[in-house]
Structure formats: structure tokens, C-alpha cells
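Sharing a structure, written as C-alpha cells. Questions coming.
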Amino acid sequence: MCGIVGYVGQRPVQELLLGGLRKLEYRGYDSAGISVIAGEAIESVRAVGNLDALDAALLRAPARPAEGGVAVATRPPTTGIGHTRWATHGRVSEANAHPHFDTDDRVHVVVNGIVENYMALKERLSADGAVFTSETDAEVIAHLIATKLADGGDLVAAVLAAYGELEGHFAFVAMSLGEPDLLVGARKECPLIVGRGDGEQFVASAVPAFLAYTRDCQVVENDELVVLRPEGVELLRPDGTTIEREITRIDWDEETAEKGGYETFMLKEMHEQADALAETVADRTSRGDGVDLGEQGALDEAILRDAKRIVVVACGTSYHAGLIGRYAIESWARLPVEMDIASEYRYRDPVVGPGDLVIGITQSGETADTLAAMRLARDRGATVLAVTNVMGSQATRDSDGVLYTRAGLEVGVAATKTYTCQVAVMLLLALRLAELRGTLAAERIAELVAAIKHLPHGVEQIMSGLADEVDALAEQWASADFFLYLGRHVGLPVALEGALKLKEISYIATDAYAAGEMKHGPIALLDEQTPVVCVATDSPVLDKVVSNMQEVRARGAHVIAITTEGNDEIAKHADSVLAVPRTDWMLQPILAAIPLQLLAYGIARRRGLNVDQPRNLAKTVTVE
């Protein structure tokens, strides 16, 4: 879950690498570094902290050496690699920051992911004389490549040989002082993509790193290596045979990765939710009387019609989106749905096989636990459907079909628009299942389609109409030490997601519970200083939620209710009310989540926190 960027060409490389890392800092920001080939040496600078710390370290770095008062003639540095880290192996320190290098400082590498057999490799390499300077698993790759080079091979052959000895899930890019116009990368279950230029080539974990220079891309697939020279790119299989792959034109422009005038990426992305939602549902609901999912990569609909059971595997925010999908699928399509946390599913020897449809939800398409759960299910004969936001991600290759969320680039670590679009996709899937299985009347399907198409307008209303009310609540409760979130039925996933947002970006201890479970423990936490957020939108269980709100107020706690416009009764049982536009009660979770995002955001900003880079978190969790 770190960020890689590499360049070979004719541009001054230092600023290019730093600019690329800025676009990838959402992937990790506890340390960073760059290495560039400059004449007879590889110059490397690393620093603990975000990229401002690396900038400062570069300013402190000594000038290139001089002899007899005359600067040593060096090759202008036009080849280099950079990395921004989220620590997995080894504490956060300059020594553990990337790039890593071999004993002779002639091979430098940047690495994402985990090398699972690094201890065995490290022991062997150390016995052969390698001197390790970090606590990381990644460093073994530099030493391993160096040993292959010492056997007389070139960098490409050395990386091919080293790759064959590595176990785990990772991506890396290597460069060698002996071949200054060459970068060699490899991918094993972690993202790596190439940017194609004229007389220059780029490689990175994600497109934004080089979008300022080119929109022509080639995806490096799993178990592939990539060779970059200024004049071109070569893709290789592990056996060294070449692969032909077309160049894809990315339709994002550079501004998509910028804040667009908002104070933070998160705020920008919350405001983008209406458009993202419209993009996700538009063509899929165009016929008005039903849902079409027959896009490129979608499943054969006979599989949807004949499925005996659905299992949803996901982590974090994606798990909450899946929970909402479960309620809709079971209610509309009358098909049993099981929810599993992906990190648990992969280890509990689940009963799954032919006839089961397993849905893996992952915003990045690279979430390690979700991918592992999908593979396990597929290996046992289940059909696997991926719900993801990233075309060409690993999830799209580990599945039998894909539904894209179409949210566009999301930089803020805390998911907002990707969550909203995940929920929308799950609702669309539930409706299509109901159509195929004949479990909903045509009139009811048309009614729900119309309501789904109107959701973007509802999001816009909330973003413009509730800002002042949410700001007032954020001001009131920014210093609170604890929040409790409660919900029932489809309100429960909304409460879980709202609590997660507050935890992620404000660092306030927050719990979320099924409201009916409150009496079984959490009620002991309540006092006059406790804000309790209750999801009280219209639903068949609203009366039950109101009873729980009354129990909360009887203990002196302050109730903040998320309710449906026009339901004035709720105000009698709450201290504060945030009303969202009326829609079908099963669709209400999309709208109810928006004020909870805004509340978390407002509280975090008043606490002076960096909402785009919450501590200890990274955008893409590519390690277990």
C-alpha cells in the first residue's frame, strides 16, 4: 500500500519524481525517498515523514563532489525511482525508507507489498556477504538482484532470476548503476502501470503519478515484468518471453487529481458524489422499467438468475456497502445472502462451491484480504463477481465478471464517493436479480428505478442544504471524547459507516451498534456528555428506533437523529435533527450517509487534523 514512481528519459528527474510522489502520497506517507543515477554514483535521499520532509532533506543534501575546484563531469540525472511508504515490516525510520540498495550501492529498488520468504533469503544472502542496513523485507530484493548481476548477467536477466525466487505479493522497480538508461519492474498481485512517452517512459503504482506528462498507459498484469528504456517498453513473462499489449488512452486529465479549489481532497470528493452516483446509475437505468448490467466484463445473466446463494466478502467501508446490498437482495430477489469480513473468510474453511455467487467488493481492486477470499471461492468452484472502482485492477482478473462503480479518482483516504457508488451498484444488482428471478412486480421495479435515478439530486440537496446545520453540530461536539452510533435494518450499515468515518479522520473513540443491542452493554457508556447519532430514516422498523432513542435520552445523552424530510415526529425524540430528502426506504442509506460524512469532516477540521491523510491509514490495503 505504498507508492512507486520511476522515470527514464531526458527530463530532469528529481522534480519529476517528487511530483509523481505527491500524486501517490495517499498510498502511504510515513517516509519517502528517491534515487537517481548521476554519473559514477546513484544519489539517494530518504526522509521520515511526508513529502515535505523529503523536500527538506533534498535541500540539505550535499552538492556533487568536486576535484581540484572543478565539478566532476557527471551524466545529468535522467533516470530515477521514488517511493512513499506505509510501514509493514520494520518501524518508521530513515533506514527503513525506500529506495533500498545492495552492499555495493549499485542496485536500488522500490517495493510495494510483502516478500513472504524474506527471512530465508536474508539469511542466505547475509551468509554470502551481503550487508543489510534496514529491518525491511524489501531490502532482500536489492541484494538478490545484485547477486544475479555478479554472476555476469544484465539487469533484465538478473530481475528475471530474482523474481523466480521471491514469494509473496509485491511490485518493485529496480535500477542499476551499470545500465543507467534502464528500469526493470515486476508485478505480483500489487499494482504497477506504465506511462508511455516519446523518448521517455514512466512506471508507477497508479496513473496520477505521471498524468502530467502522458495519458498513454500499459497495464502490467500479474506475474509480469516490464523493461523500460527511453526508446520503448517491453513486457515479459517470468520465462523471459515477450508479451504484446495495446496502449490505452486514459481520459482523466491532471486536474482530476487536484483539489479543484476545495480545501481538501475529501471535501472535493464529497461534493463529487452526486456526479459519481449519476455516472454509476445513468446508462444502467436508461430503459426506465428495469436495470441493465450487460456492460463489458459483466457476468452472464444466466448465472445471476440461477444462483442458489450469494456470499459477499469485503473489508471496511466496502463491507458496509455489502451489508446494505444484502438487505436489498434478500428483500427484492428473495435470495439468501451471507456477509463475511474478507480477512476472516479466507481462514475459516468456508463451505462454498458451484451454485454460489461470491461478490468481492474492493474500491481499489487491490485489497489483499478481499482478493484472497475471492480466489479461495473461485478455486472451490463458485462464480466470483468483483465490484470495484479501478479498471484493470487485480480484482478484475481474479473474477468471472465485474461491475464498476465509476466514481473516478478518489485521493482522500477515507472513502466517500466510492462508498456511495458501491451502495448504488449493489442496489442495481439487487434489482436486476429481482427482474431475472421474477420476485418483484414490474410496477415496483419501475418505481425503484425512478427513485434510483433521482438519488443524485438528493445528494446535491444535502450537500447544499445541510451544510450550516452540520457545521453547528460539528462546532458543538468537536471536543467530545466518545460517540455512539445506532441503527436498525438498513440503518445499521449507515451507522457503522458513519462511525467509521468519525474514527478514521477525527480519532474520537466511536462505537456503532444495532440499536436493539444497545441494552446488552453499550448503554452503560451513556451519560449527559455523550452524543448518540441515531439513523432514524423512514423504514418498517422506525418505531423500534424511536423506542431506542427514548432509552438513550432517559440516560441524559444527546440524540442527533438522521431522519427523512417531512417526518416531524422524530424531532420530539431527538435533541438535534438532520433531515435528508425522501426516497424509497430501502434507498435511504445512500442519502443518510452523506450528513454523517459531513459531520465527521467538520469535527476533524475543527480539531485541526489532516483529513486526507489520517494517521496509520492508507488508501489501498495491499497487505494482510
Side-chain angles (χ1 to χ4, degrees), residues 1-5 17-30 32 49-52 54 82-86 112 190-193 195 202 204-213 215 217 250-277 279-280 316-318 362-367 388-393 404-422 463 500-501 504-506 594 597-598 600-601 604-605 609-622:
M1 63 181 68
C2 309
I4 286 173
V5 62
L17 294 175
L18 286 171
L21 290 177
R22 289 278 179 200
K23 301 300 171 80
L24 297 179
E25 199 171 10
Y26 65 94
R27 297 181 65 90
Y29 37 83
D30 57 39
N50 62 20
L51 288 171
D52 291 338
L54 181 59
H83 189 270
T84 181
R85 181 176 186 245
W86 189 84
N112 289 351
C190 286
L192 203 61
I193 191 162
F202 308 79
S205 302
V207 170
F210 52 73
L211 204 56
Y213 305 100
R215 291 189 289 165
C217 304
I250 297 294
D251 60 4
W252 297 342
D253 59 26
E254 188 179 0
E255 288 208 8
T256 306
E258 301 299 334
K259 295 177 183 176
Y262 293 99
E263 63 180 1
T264 63
F265 282 112
M266 185 176 177
L267 183 61
K268 171 180 176 284
E269 287 154 8
M270 286 191 291
H271 278 273
E272 289 174 342
Q273 286 182 106
D275 288 343
L277 192 56
E279 182 69 22
T280 297
T317 284
S318 297
T362 160
Q363 173 264 319
S364 66
E366 306 287 348
T367 308
T388 184
N389 194 49
V390 182
M391 297 183 70
S393 59
Y404 291 104
T405 48
R406 303 177 184 172
L409 182 66
E410 186 176 69
V411 173
V413 168
T416 52
K417 63 178 180 174
T418 52
Y419 166 76
T420 306
C421 292
Q422 284 174 346
M463 294 301 298
L500 178 61
K501 285 294 154 286
E504 284 179 316
I505 64 173
S506 77
I594 308 299
Q597 294 173 356
L598 291 168
Y601 183 89
R605 293 297 286 173
L609 299 172
N610 184 343
V611 298
D612 288 335
Q613 297 176 354
R615 68 188 181 198
N616 303 329
L617 297 176
K619 186 65 177 172
T620 306
V621 185
T622 58

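Just the heavy atoms: all of them, side chains too, but no hydrogens, waters or symmetry mates, feed the values below. Residues: numbered from 1 along the sequence shown.
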Q.
Please check this pair: side chain of Thr388 against backbone of Thr362, looking for a donor-acceptor N/O pair closer than 3.5 Å.
A. yes
* Where does the angle between the aromatic ring planes of Phe210 and Phe202 fall among parallel (under 30°), tilted (30 to 60°) and perpendicular (over 60°)? -> tilted
Show the numbers, then the answer: is there a salt bridge (charged side-chain N to carboxylate O under 4.0 Å, His left out) between Arg406 and Asp275? CA-CA 10 Å; Arg406 303 177 184 172; Asp275 288 343; over 6 Å; no
Kindly indicate whether the side chain of Met270, heavy atoms from C-beta on, has any atom under 4.5 Å from the side chain of Ile594. no
Regarding Tyr601 and Thr264, is there a side-chain donor-to-acceptor distance under 3.5 Å anywhere? yes
Would you say that Leu21 contacts Leu54 through its side chain, given a criterion of any heavy-atom pair below 4.5 Å between the two side chains? yes
Check: For Pro614, does its backbone N or O pair with a side-chain atom of Glu504 as donor and acceptor, under 3.5 Å?
Finding: no
Determine yes or no for a side-chain-to-main-chain donor-acceptor pair under 3.5 angstrom, with Ser205 supplying the side chain and Ile4 the backbone. yes
Item to check | Pairing of Asp30 and Arg615 as salt bridge, 4.0 angstrom limit | outcome: no
| said: Quick one, Met463 and Leu598 - any side-chain contact, counting heavy atoms below 4.5 Å? | reply: yes
_Side chains of Lys501 and Thr317 only: does a donor on one sit below 3.5 Å from an acceptor on the other?_
yes
OG1 of Thr405 to CD of Glu279, rounded to nearest 0.5 Å, is 10.5 Å
_Can you see whether Gln273 engages Thr416 through a side-chain donor-acceptor pair at a distance of less than 3.5 angstrom?_
no
